[in-house]
Asks: 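Quick one: this structure, given as structure tokens, is what I'll be asking you about.
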Protein chains: 2
Amino acid sequence: MSTSSRPTLEDVARVSGYSRATISRVIRNVDNVNPRIVLEVNKAIEKTGYRINFAARALAGGSTQTIGVVFRENFGDLFQNSYWGQVLEGVYASLSKVNYQQVFLINDSEHFRQVEQYLLNGHVDGVLFLSVSEEDDLLTDVIARDIPVSVFGPAIRNVPVPYVNGDEQMGGSIAAEFLLKQGAERLGVISGGKGINASKYRTLGFTSYLESINYHFEKSATQAGDFTREGAAKATEELLRKHPDIDGIYVLSDLMSTGVLEKLRELGKRVPEDIMLVSMDNSPTALSTNPQLTSIGYNAFDGGKLLGELILEAIAGKPARSVTFMPSLIERESTKRKK
Amino acid sequence: MSTSSRPTLEDVARVSGYSRATISRVIRNVDNVNPRIVLEVNKAIEKTGYRINFAARALAGGSTQTIGVVFRENFGDLFQNSYWGQVLEGVYASLSKVNYQQVFLINDSEHFRQVEQYLLNGHVDGVLFLSVSEEDDLLTDVIARDIPVSVFGPAIRNVPVPYVNGDEQMGGSIAAEFLLKQGAERLGVISGGKGINASKYRTLGFTSYLESINYHFEKSATQAGDFTREGAAKATEELLRKHPDIDGIYVLSDLMSTGVLEKLRELGKRVPEDIMLVSMDNSPTALSTNPQLTSIGYNAFDGGKLLGELILEAIAGKPARSVTFMPSLIERESTKRKK
DNA sequence: TTGAAAGCGCTACCAG
DNA sequence: CTGGTAGCGCTTTCAA
């Protein structure tokens, strides 16, 4: 007896006169079904207002049609970073094509357990890591449960997973070369956080380029800005305190550059006249600052799109592959050459 | 016989020697269970590596532990708008407390069907609308299926749902009053999109204040900026073409203000010396522009937090309630008074 | 090509 | 307080 609750396959079966199995075949678009029956069944579906019960389907062995997307930043920081918007736009492009949705999970220390539980309890068909910390084992835990993953960023230790990353070292190297070419002579760096790989490699690329041309670069000319606006402002203050004569700064993200610009203005330094800035990400933010930022970026949209494709491939059981993007520099006002 | 696949309640039952029902009670933290048994069962859970199967639980009548969060903007725009980050931070604060996760859904015309299907097929326990369009019936469709909702923004036509909004009209009114008080004399508005309620009411508040003091305000002094940076830049150009002598502009969002500033700079207009700007949202963006923006905002974090609480209440079957926030103006550089 | 029926893993009810 | 057991709504053999 059907009550007033949600109609089920059973209801559609009764109304149409066909079996549950047949209805199931129709809604799944399985081949071998008589076209006439398909028509009748569809009519019955319409009539009953039937909707797939996703939990039942997932339990019976189907998929959840959702991908977990893991961040390490909180939403506040996340949404100040228009770079992520570009990446997610790309991810969305590939996932929505096959009718997958995304659940966003913030893996901060406070919510680690919660996130882990959600991921491991079968809520998602796969997990896409937009940033990985080596401080917790979320990634390896997920892999241990045979849940497909794909990772944005450099390869993790010895874990063989599909990933897409940018060549961060090359980014740093390009920045150093360009600043010098534009006429800067005393360089500094506003780096990100300690544990973050992107920060490590970008800085490394910068310093090792300088080393290769025998430019003496002091360790104290690198200050950590934590990938936030406020952090970058503080780091800039510190940097200029120790090196008041700096005339070229490599900032590891556009978001941080907004903080750097603010602090420099406060200190009475003009950009680019007194100090040139090369930023990273080449996100929309680089266009909305004053002056606009010369910035080094990968194609974030393409990266995200590829990342989405990789997770779908992983879910389909295809062998893992990884891709590295090359960065390029977009010249804008913050490095205009001194006349 | 248990194979090598995921351990189930049955496995834990066998290992611990207790019944499936008892195990179920333990993992659900139900009261009436002998503490000693709880201990033993937990040991067995550990030993087997048991994990709740969420689909089975959902099917058997439990909940999905996830809330759908619906936007109308794409991710690219979303992440340029740091305002949303604040709101979501608040939403997250209430939802994560009770172990709920959020799936983000973009309800653009291209993906409407997909989103609707996802929501109506039982993937989520409730839906939180961060922006509602009156152009589609997503909200009413969801309500029709008895899925709990809460809405960010003004009440929708005659649909009785819990919502939280800001008093947008008051925002506009405050902006007009303040610009005049600071000495601006010829005013203009960069509004949002046509269908968006927030835009409508903010503009209305502005113009009706002016009307109330018998200030003559021309219709052509309002230009639509579509709530994007580029749109606002174009609108500004148009506005100044029609009214070259404007000296005070009310911009309906911080994101748009970045576009306005950019265009004004391009046109050689100084802010605030030549033209003052009052923005809205009071988001982090207002701090990272040059000059920093005087901006009118509600407490976005509190709004989001409340929104999360409302959806939880709705899920719990409590009666709907709604809250309106009053805006306040934060004075910064973009309206510094002429000497 | 279609139908019958056995689960998927859990919750919740009813006995004891 | 604990155990037995009947579903939840779907997919998926296996027969017909």
Side-chain angles (χ1 to χ4, degrees), chain A residues 1-42 44-45 48-65 117-118 120-123 125 145, chain B residues 1-42 44-45 48-65 117-118 120-123 125 145:
Chain A
M1 232 136 302
S2 100
T3 68
S4 68
S5 68
R6 260 174 87 173
T8 71
L9 272 196
E10 189 63 49
D11 297 312
V12 180
R14 198 171 335 95
V15 170
S16 67
Y18 294 98
S19 74
R20 234 164 55 204
T22 299
I23 318 294
S24 174
R25 291 190 190 101
V26 172
I27 65 173
R28 278 177 300 143
N29 275 316
V30 171
D31 305 330
N32 310 327
V33 187
N34 186 322
R36 220 198 51 231
I37 299 188
V38 172
L39 238 63
E40 291 184 45
V41 169
N42 278 327
I45 289 178
T48 53
Y50 170 78
R51 285 274 167 183
I52 294 172
N53 178 319
F54 134 83
R57 172 175 280 187
L59 179 56
S63 75
T64 65
Q65 289 301 99
Q117 213 179 311
Y118 196 86
L120 266 31
N121 285 187
H123 279 90
D125 292 349
R145 292 268 168 177
Chain B
M1 234 133 298
S2 97
T3 68
S4 68
S5 68
R6 263 175 85 173
T8 71
L9 271 195
E10 189 62 50
D11 297 311
V12 181
R14 199 173 334 97
V15 170
S16 68
Y18 293 97
S19 74
R20 232 165 58 203
T22 299
I23 318 294
S24 175
R25 288 191 193 99
V26 172
I27 64 172
R28 277 178 299 144
N29 274 316
V30 172
D31 304 331
N32 311 327
V33 186
N34 185 323
R36 219 198 52 230
I37 298 188
V38 173
L39 238 62
E40 292 184 43
V41 169
N42 278 328
I45 288 178
T48 53
Y50 170 78
R51 286 274 165 181
I52 293 172
N53 179 319
F54 132 84
R57 171 176 281 187
L59 179 56
S63 74
T64 65
Q65 289 300 99
Q117 213 179 309
Y118 197 86
L120 299 185
N121 285 186
H123 279 90
D125 293 349
R145 292 270 167 176

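Throughout, a chain's letter reflects where its sequence line sits, starting with A, and its residues are numbered from 1. Keep in mind the model is a prediction, meaning the values are calculated, not measured.
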Asks: Which class fits the ring pair B:His123 and A:Phe54: parallel under 30°, tilted 30 to 60°, perpendicular over 60°?
Replies: parallel
Asks: Between C:dG9 atom P and A:Asn121 atom CG, what is the distance in whole Å?
Replies: 14 Å
Asks: With a 3.5 Å cut-off and heavy atoms only, can you find an N or O donor on one side and an acceptor on the other between the side chain of B:Arg25 and the base of D:dG3?
Replies: yes
Asks: What contact category does B:Tyr50 fall into here, base, sugar-phosphate, or nothing, at under 4.0 angstrom with non-hydrogen atoms?
Replies: sugar-phosphate
Asks: Tell me the interatomic distance from B:Ile37, atom CD1, to D:dC1, atom P, rounded to whole angstroms.
Replies: 10 Å
Asks: Nearest-Å distance, CD1 (B:Ile23) to C1' (C:dA12)?
Replies: 16 Å
Asks: Ignoring hydrogens and angles, tell me if any N or O in the side chain of A:Arg51 forms a donor-acceptor pair with the backbone of A:Pro7 under 3.5 Å.
Replies: no
Asks: Between C:dG3 and A:Thr22, is there an OP1 or OP2 to side-chain N/O distance shorter than 4.0 Å?
Replies: yes
Asks: Side chain of B:Ala56, heavy atoms from C-beta onward: which of D:dG9, C:dC10, D:dG4 has the nearest atom to it?
Replies: C:dC10
Asks: Using whole Å, report how far CZ of A:Arg14 lies from C1' of C:dA4.
Replies: 17 Å
Asks: Which whole-number value in Å describes the distance from B:Leu9 CG to C:dC8 C1'?
Replies: 13 Å
Asks: Which whole-number value in Å describes the distance from B:Glu10 CD to C:dG7 P?
Replies: 13 Å
Asks: Does D:dT12 have OP1 or OP2 under 4.0 Å away from a side-chain N or O of A:Arg20?
Replies: no
Asks: Tell me whether A:Asn42 contacts the main-chain N or O of A:Leu39 through its side chain, where contact means a donor paired with an acceptor under 3.5 Å.
Replies: no
Asks: Quickly work out the B:Arg57 CZ to C:dC8 C1' distance and round it to whole Å.
Replies: 16 Å
Asks: Tell me whether the OP1 or OP2 atom of D:dC8 has a side-chain N or O from A:Asn53 closer than 4.0 Å.
Replies: no
Asks: By nearest nucleotide on DNA chain D, pick out whichever of B:Leu59 and B:Ser19 is the more 5' one.
Replies: B:Ser19
Asks: Mind listing the closest non-hydrogen atom pair of B:Tyr50 and B:Leu9 along with its distance?
Replies: CE1-N, 3.4 Å
Asks: Among D:dC10, C:dG9, D:dT12, which nucleotide has an atom closest to any side-chain atom of A:Arg28?
Replies: D:dT12
Asks: Take B:Tyr18 and A:Ala55, find for each the nucleotide of DNA chain D with the closest heavy atom, and name the residue whose nucleotide sits nearer the 5' end.
Replies: B:Tyr18
Asks: Closest approach to the side chain of A:Asn34, judged atom by atom: which nucleotide of D:dG4, C:dT2, D:dT12 is it?
Replies: C:dT2
Asks: Is any NZ, NE, NH1 or NH2 atom of the basic residue among B:Glu40 and B:Arg36 found under 4.0 Å from an Asp or Glu carboxylate oxygen of the other?
Replies: yes
Asks: Scan B:Arg51 against the nucleic acid and name what it touches under 4.0 Å (heavy atoms): base, sugar-phosphate only, or nothing.
Replies: sugar-phosphate
Asks: Output the rounded distance in Å from CZ (B:Phe54) to C1' (C:dC8).
Replies: 14 Å
Asks: Is there a side-chain polar atom (N or O) of A:Ser24 under 4.0 Å from OP1 or OP2 of D:dT11?
Replies: yes
